Number of protein chains: 2
Amino acid sequence: MIQQFMKDSQQHNTILDLAAALNLSPATVSRALNNTSYVKKETKERVLEMALKLGYRKNKMAAGLRNNKTNTIGLILPKISMYFHAEVVTVVQNLLHAKGYNLIIGQSNDDPGMEKELAETFFSSRVDAIIVSCTLETEDFSPFDIFSTHQIPILFYDRVPPETYRARVIKGDDFNGGFLAGKHLVEAGCKHIGMINGPMTSNIYEARAAGFIAALRMLQGKEEPKLFFQQQLQAEETREALKKMFKGKSKPDGLFVTSDRNAVTVLQYAKENGIKIPQELRLVGYSNDPVTAVVSPSITTIDQYPALFGEKLVATLMEMIESPPTDEYQPAVITPVSLIERESA
Amino acid sequence: MIQQFMKDSQQHNTILDLAAALNLSPATVSRALNNTSYVKKETKERVLEMALKLGYRKNKMAAGLRNNKTNTIGLILPKISMYFHAEVVTVVQNLLHAKGYNLIIGQSNDDPGMEKELAETFFSSRVDAIIVSCTLETEDFSPFDIFSTHQIPILFYDRVPPETYRARVIKGDDFNGGFLAGKHLVEAGCKHIGMINGPMTSNIYEARAAGFIAALRMLQGKEEPKLFFQQQLQAEETREALKKMFKGKSKPDGLFVTSDRNAVTVLQYAKENGIKIPQELRLVGYSNDPVTAVVSPSITTIDQYPALFGEKLVATLMEMIESPPTDEYQPAVITPVSLIERESA
DNA sequence: TACTTTTATGAAAACGTTTTCATAAATTCG
DNA sequence: CGAATTTATGAAAACGTTTTCATAAAAGTA
């Protein structure tokens, strides 16, 4: 009965196969499947039943081509395995799935060339929207222009373009994060406070530094602190910076490290060199990577609430997809941060 | 000149637009773009130049529909943010991108229902192949049947179906991992060795337990050890297990915990309860999560070489995609593990 | 009853590619 | 030089949907 309509099992069956098996037109089958427009109740049931029997699944590509909608969102980020990003991706993917969207992920590995390549690929794949956290060095954002010119929603997060590049942005309150760190160290009584920062080409490190300096200036009345280092976030560089810091006569008694991984490196360096934390050196990290909670001493750090971040991302994205495009200026959404006090400071 | 051919900027231009602008047929343009078949050198140059000028990008959906190839791979895993998986995904995505494939990711959150849903979605999206690491509880693998019946390569890794479900599989050498852990604890002189394992419904925990027991049996001559616990990998459950273990009179002096996160929990419990590691309790974890290297004492663990894992995944997948499907039985690929000795044991 | 509206379905076009089938021009070969 | 081959291009069909435009039947309304 049914078998006579079933094609070679390796073939996909289509809406035409369903139509043939039911003596209906493909149009009606499509309508039944998507319950758009009028379809007799009985017909719809017959279609659904047959679809089940033949194991029919819609070819999303064909539908996408026709509808000009892929139900796919592209996500470009530096590296999935970084704690903050892994958490964000986790919730973003879950929420998008619930809303019927696929997520395609591309890692720039902090290489602007790769980032551009991914933008092109995703555009070519006709993603319905795109989410981007930039490279540490991205200065030319024009590879993303195609999206705006083609009215494809683009949403930057965390590492974002400057205000001058008009785009929707969600970012953590890095200035406040830096400020909280500085304030905490000052209030703990530190006199010589240093900082090991990431590259200032990236907005997040720039803002963390600005907030931090503002705190020192406001609360200690100091101008430009001396013990500043910026680097590419490698453990080796952190050690270099520490060596320099502790060589001089004005050793730091407080240190703000803008990445938890590097804060852990500081911890190890301190242990190796007999520097007591927090007695001799108070330490504040950034991100609330779970590792900071289990090392000893545990590390005081700034939580960025990545899950909340992810939720806001998806909510904003959906709003962008659903509402008609507007040229209105949309101020950056700032998500909160807070200081998690632990043993290191 | 050119502008007259440019459409409204929000429109995508197509191969037809190129053809019109150049007074060529779409066929020739396509041939020039993909350099298939004969195209005069000069023509090809003209096409490429115009493509650049008009900012043409191929619509991958249309191409995919026509070619029955999406250049997209689906990946289903429990949760991206787990260390092992994050590392695997990182290298898999990078390698796939280099080979011209997009990666779409779906998280089952260890829910078999969600896993099934994702399989359906990815099938519907016509992925060229699919990579799966199962739920801890997946027992019914039939949701994946569609792929095999439609000749779509499917490759399981890490958490895989049993031998009886014929499918290509890449897994870590969990038996050996368990064996190495057991051997190490025995050789360290432990007499009462316990184990906290994940759910035995999953092949990985079953194999780790089997290897571990084999080691104790072979090297200690003991039959079924007493101090066995299995649980769902939650910190709370680990604490419960520990409470029970240390309540009895035969307290363990060695412990194999088949997940590093839980090994860290053991560390904390030990600290809270004044149990000295490694003096009173030797501890071995599993996965070589970076956290094990930075806690103190650092944790001896089993490395699974996730990067190597990812490389093998992609290599095998490419082979499956490129070579004609075969019914030949393909034995599971086993990737190596090794014991990383640290302070805890 | 005769008209309008609602319900139900089908034919055909469209989405943007690629490829098969033609055909013509250019080149090679005997 | 004429025939065979290679090079170069175009027309049209195809991939699997969805949707517009018809049209017909059923239901509602005056």
Side-chain angles (χ1 to χ4, degrees), chain A residues 7-8 10-48 50-51 54-72 100 123-128 150, chain B residues 7-8 10-48 50-51 54-72 100 123-128 150:
Chain A
K7 306 205 290 188
D8 215 343
Q10 69 195 77
Q11 298 264 353
H12 291 278
N13 29 19
T14 74
I15 237 174
L16 267 79
D17 300 319
L18 289 188
L22 292 161
N23 256 315
L24 284 171
S25 75
T28 305
V29 174
S30 169
R31 284 189 272 249
L33 256 22
N34 301 308
N35 49 29
T36 64
S37 146
Y38 303 113
V39 177
K40 212 201 292 181
K41 198 180 161 198
E42 186 215 322
T43 311
K44 188 186 290 186
E45 283 164 3
R46 289 205 307 139
V47 171
L48 260 36
M50 183 60 81
L54 297 192
Y56 168 82
R57 339 259 155 159
K58 176 193 298 200
N59 184 326
K60 284 196 181 174
M61 265 191 304
L65 178 59
R66 171 64 224 229
N67 292 337
N68 204 25
K69 176 149 211 277
T70 51
N71 281 291
T72 297
F123 180 83
S124 208
S125 297
R126 296 294 187 271
V127 292
D128 290 340
H150 289 259
Chain B
K7 305 204 292 187
D8 214 346
Q10 71 195 78
Q11 298 263 353
H12 291 279
N13 30 20
T14 73
I15 237 173
L16 266 79
D17 300 319
L18 288 189
L22 291 162
N23 257 315
L24 283 172
S25 74
T28 305
V29 174
S30 169
R31 283 188 274 247
L33 255 23
N34 301 308
N35 50 30
T36 62
S37 143
Y38 304 112
V39 176
K40 211 204 290 182
K41 199 178 160 199
E42 185 216 322
T43 311
K44 187 184 292 185
E45 282 164 4
R46 288 207 307 140
V47 170
L48 260 36
M50 183 62 78
L54 297 192
Y56 168 82
R57 336 261 153 158
K58 176 191 300 199
N59 183 325
K60 284 196 183 175
M61 265 190 305
L65 178 59
R66 171 64 224 231
N67 292 339
N68 203 26
K69 177 146 209 273
T70 52
N71 281 290
T72 296
F123 180 83
S124 208
S125 296
R126 298 292 188 273
V127 292
D128 290 339
H150 289 260

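Please read all numbers here as calculations on a predicted model, not as lab measurements.
- Judged by distance alone, with hydrogens and angles left aside, the side-chain atoms of B:Ser125 form no donor-acceptor pair with the main-chain N or O of B:Val127 at under 3.5 Å.
- No donor-acceptor distance shorter than 3.5 angstrom exists from the side chain of A:Thr36 to the backbone of A:Asn34, with no hydrogens or angles considered.
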Sugar-phosphate or base contact per nucleotide [nucleotides 16-27 of chain D; S, B, -; heavy atom under 4.0 Å]:
BBBBB-------
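- Using a 30° and 60° split on the angle between ring planes, A:His12 and B:Phe123 fall in the tilted class, from 30° to 60°.
- Across every non-hydrogen atom of A:Val39 and A:Thr28, the tightest pair is CG2-O, 4.4 Å.
- Each end of the helix from C:dT1-D:dA30 to C:dG30-D:dC1 yields a helix axis from five base pairs, and these two axes differ in direction by 30° (to the nearest 10 degrees).
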Check: protein-nucleotides 24-28 of chain C nitrogen or oxygen pairs below 3.5 Å:
none

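- Taking 4.5 Å as the limit, some side-chain heavy atom of A:Arg46 sits within range of a side-chain heavy atom of A:Leu24.
- Residues meeting the side chain to side chain contact (heavy atoms under 4.5 Å, CB included) test with A:Lys40, sequence neighbours left out: A:Glu42, A:Thr43.
- Taking every heavy atom of both residues into account, B:Arg126 and A:Arg57 meet most closely at NH2-O, 3.2 Å.
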Please write out the pairs of protein N or O atoms and N or O atoms of nucleotides 4-8 of chain D separated by less than 3.5 Å, giving the distance to one decimal.
| residue | atom | partner | partner atom | Å |
| --- | --- | --- | --- | --- |
| D:dT7 | OP2 | B:Tyr38 | OH | 2.9 |

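- The heavy-atom pair separating B:Asn35 from B:Lys44 by the smallest distance is CB-NZ, 3.3 Å.
- Checked options B:Leu48, B:Val29, B:Asp17, B:Leu18; the residue passing with B:Tyr56 is B:Leu18 (criterion: side chain to side chain contact (heavy atoms under 4.5 Å, CB included)).
- For the side chain to side chain contact (heavy atoms under 4.5 Å, CB included) test, residues two or more places apart in sequence or in another chain that qualify with A:Asn67 are A:Ala63, A:Lys69.
- With A:Ser124 contributing its side chain and B:Lys58 its backbone, the two residues share a donor-acceptor pair below 3.5 Å.
- Looking at every heavy atom in both residues, B:Ala19 comes nearest to B:Pro26 through CB-N, 3.7 Å.
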